[in-house]
There are 2 protein chains.
Amino acid sequence: MEFAEAKNKFIQTWGALGSQWGINKTMAQIHALLMVSSEPLSMEDVMDELRISRGNASMNLRALMDWGIVYKEYKSGERKEFFTAEKDLDELAVKIAKERSKREIKPALKVLKDVSSINPATSLETKHFVEQTKNLYDFVLKADNMIDKVTEIKDNWIGRLVMKIMR
Amino acid sequence: MEFAEAKNKFIQTWGALGSQWGINKTMAQIHALLMVSSEPLSMEDVMDELRISRGNASMNLRALMDWGIVYKEYKSGERKEFFTAEKDLDELAVKIAKERSKREIKPALKVLKDVSSINPATSLETKHFVEQTKNLYDFVLKADNMIDKVTEIKDNWIGRLVMKIMR
DNA sequence: TTAAACTTTCATTTTTTACTGAAACTTTAA
DNA sequence: TTAAAGTTTCAGTAAAAAATGAAAGTTTAA
């Protein structure tokens with residue numbers, strides 16, 4: 001396998017993985033492309049490499065920047081804007097996790113809290129419902145907190161120790 | 001808010017959360033419904049509660065069973081099949097994580113390994129590509145392994161200790 | 001101050017994904 | 001056996017999500 005083929009395969013795979021996890025395919029592909037580019041790319045470059053329209057490129061680059069995992073760069077003497085991806089993978093993971101927590105998990109938690117707060121005295125059915133949703137609330141909250149904790153892991157000795165034990 | 005409204009809200013929210021994470025909405029809704037049902041439900045029950053067709057119910061119940069998070073039950077004297085959800089949330093999380101690892105992450109890892117194995121001697125561009133995809137391979141592998149480790153956490157003292165520290 | 005270079009927006013179209021419903025299939029009780 | 005009760009399959013349809021492209025908007029160098 002030579003370079004062009006490998007690169008393409010990587011971009012396609014990363015795009016597919018994105019879709020499976022609820023991230024728009026093109027967004028994941030642009031990110032993949034920028035990840036493996038040694039130089040910042042212009043919007044034109046992205047359009048050409050992925051064969052996508054200007055609008056699509058613009059919207060997805062914007063989304064990636066909103067997520068904080070792609071940055072705009074300016075080259076002196078050039079009028080165009082260029083883009084690079086966050087390449088530190090720990091940083092990348094933390095940003096994605098935080099963003100998804102904020103956008104998706106936190107709102108779901110609020111609903112869980114609300115629905116688990118109804119009066120359980122009415123029926124056996126209701127009792128069971130309240131119990132289950134309470135458990136779920138606790139569980140999701142715990143999982144969500146873990147994201148914050150993982151963020152801090154590198155900053156404390158026990159975290160690093162644990163990471164070693166976990167290999 | 002009374003029971004019926006809360007239940008519906010819960011099912012809708014769980015369905016939406018599912019979609020955002022790449023799990024078909026109806027599948028997530030059925031799972032939500034079964035989670036908060038104190039009794040096993042028949043396919044008819046599911047169809048009626050969620051207003052979905054027989055085919056849809058059948059296919060998604062099957063998918064949930066393939067994932068190992070919904071079980072078939074038989075009531076004595078009844079010909080119909082009934083369904084219950086895995087209600088132990090730790091167990092649920094482990095099963096989902098393992099399944100997604102198997103279906104999505106493992107195949108992606110294979111690709112990452114392949115594409116990062118091309119000969120990097122050709123150009124600077126290629127060198128950078130190989131380096132980045134190698135890093136990504138290591139990172140994803142580490143993350144994937146963590147799933148296995150988390151599975152075992154409850155079985156060893158240091159795991160439990162860590163969980164406590166993490167709250 | 002303006003026009004060329006570039007970016008964003010969004011109504012429309014395309015693609016992808018999910019759902020329906022009826023026919024085929026399976027199981028079981030009589 | 002067989003027919004009633006129940007389940008699965010899948011071709012066709014509907015709904016949802018993403019992409020296009022042209023017009024509107026913005027920036028900048030002269």
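Numbers restart at 1 for each chain; the letters A, B, ... are given by sequence-line order, proteins then strands.
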Item to check | Side-chain donor/acceptor of A:Ser37 to backbone N/O of A:Pro40, under 3.5 Å | outcome: no
Item to check | A:Phe82 vs B:Met27, nearer the 5' end of DNA chain C by closest nucleotide | outcome: A:Phe82
Next on the checklist: Measuring from atom CH2 of B:Trp67 to atom NE2 of B:His31, what distance do you get when rounded to the nearest 0.5 angstrom?
Outcome noted: 10.5 Å
Atom pairs under 3.5 Å, N or O on each side, protein against nucleotides 8-17 of chain D: can you list them with distances?
unit_1	atom_1	unit_2	atom_2	d
D:dT8	OP2	B:Ser58	OG	3.2

Next on the checklist: Rounded to whole Å, how long is the line connecting atom CG of A:Leu50 with atom P of D:dA19?
Outcome noted: 11 Å
Item to check | CA sep, side-chain torsions, deciding dist, call: A:Ser117, A:Asp114, side chain to side chain donor-acceptor pair (under 3.5 Å) | outcome: CA-CA 5 Å; A:Ser117 306; A:Asp114 290 351; 5.6 Å; no
Item to check | Minimal non-hydrogen separation, B:Leu109 against B:Leu141, with atom names | outcome: CD2-N, 3.7 Å
Using distance only, find each side-chain donor-acceptor pair of residues 22-29 of chain A under 3.5 Å and give its atom names and separation, not counting sequence neighbours.
unit_1	atom_1	unit_2	atom_2	d
A:Asn24	OD1	A:Thr26	N	2.8
A:Asn24	OD1	A:Met27	N	3.1
A:Gln29	NE2	A:Gln12	OE1	3.2

Using the 3.5 Å cut-off, write out each protein N or O paired with an N or O of nucleotides 24-28 of chain D and the distance between them.
unit_1	atom_1	unit_2	atom_2	d
D:dT27	O2	A:Arg79	NH2	2.9

Item to check | Option passing side-chain contact (heavy atoms from CB on, under 4.5 Å) with A:Phe83 (candidates A:Leu34, A:Leu41, A:Leu33) | outcome: A:Leu34
Item to check | OP1 or OP2 of D:dA18 under 4.0 Å from side-chain N/O of A:Asn60 | outcome: no
Quick one: side chains of residues 55-66 of chain B, donor-acceptor pairs under 3.5 Å with protein atoms, not counting sequence neighbours, listed by atom name and distance.
unit_1	atom_1	unit_2	atom_2	d
B:Asn56	OD1	B:Asn60	ND2	2.7
B:Asn60	ND2	B:Asn56	O	3.2

Next on the checklist: Under a 4.0 Å threshold between the charged nitrogen and the carboxylate oxygen, would A:Glu99 count as salt-bridged to A:Lys102?
Outcome noted: yes
Checklist entry - If you walk 5' to 3' along DNA chain C, what is the first nucleotide with an atom under 4.0 Å of a heavy atom in chain A, and what is the last? => result C:dA4 to C:dC10
Checklist entry - Is a side-chain N or O of A:Asp45 found less than 3.5 angstrom from the main chain of A:Ser42, in a donor-acceptor match? => result yes
Side-chain atoms of residues 68-75 of chain A: list all donor-acceptor pairs with protein atoms under 3.5 Å, sequence neighbours left out, distances to 0.1 Å.
unit_1	atom_1	unit_2	atom_2	d
A:Tyr71	OH	A:Glu86	OE1	2.3
A:Tyr71	OH	A:Lys95	NZ	3.1
A:Lys72	NZ	A:Glu81	OE2	3.2
A:Glu73	OE2	A:Thr84	OG1	3.1

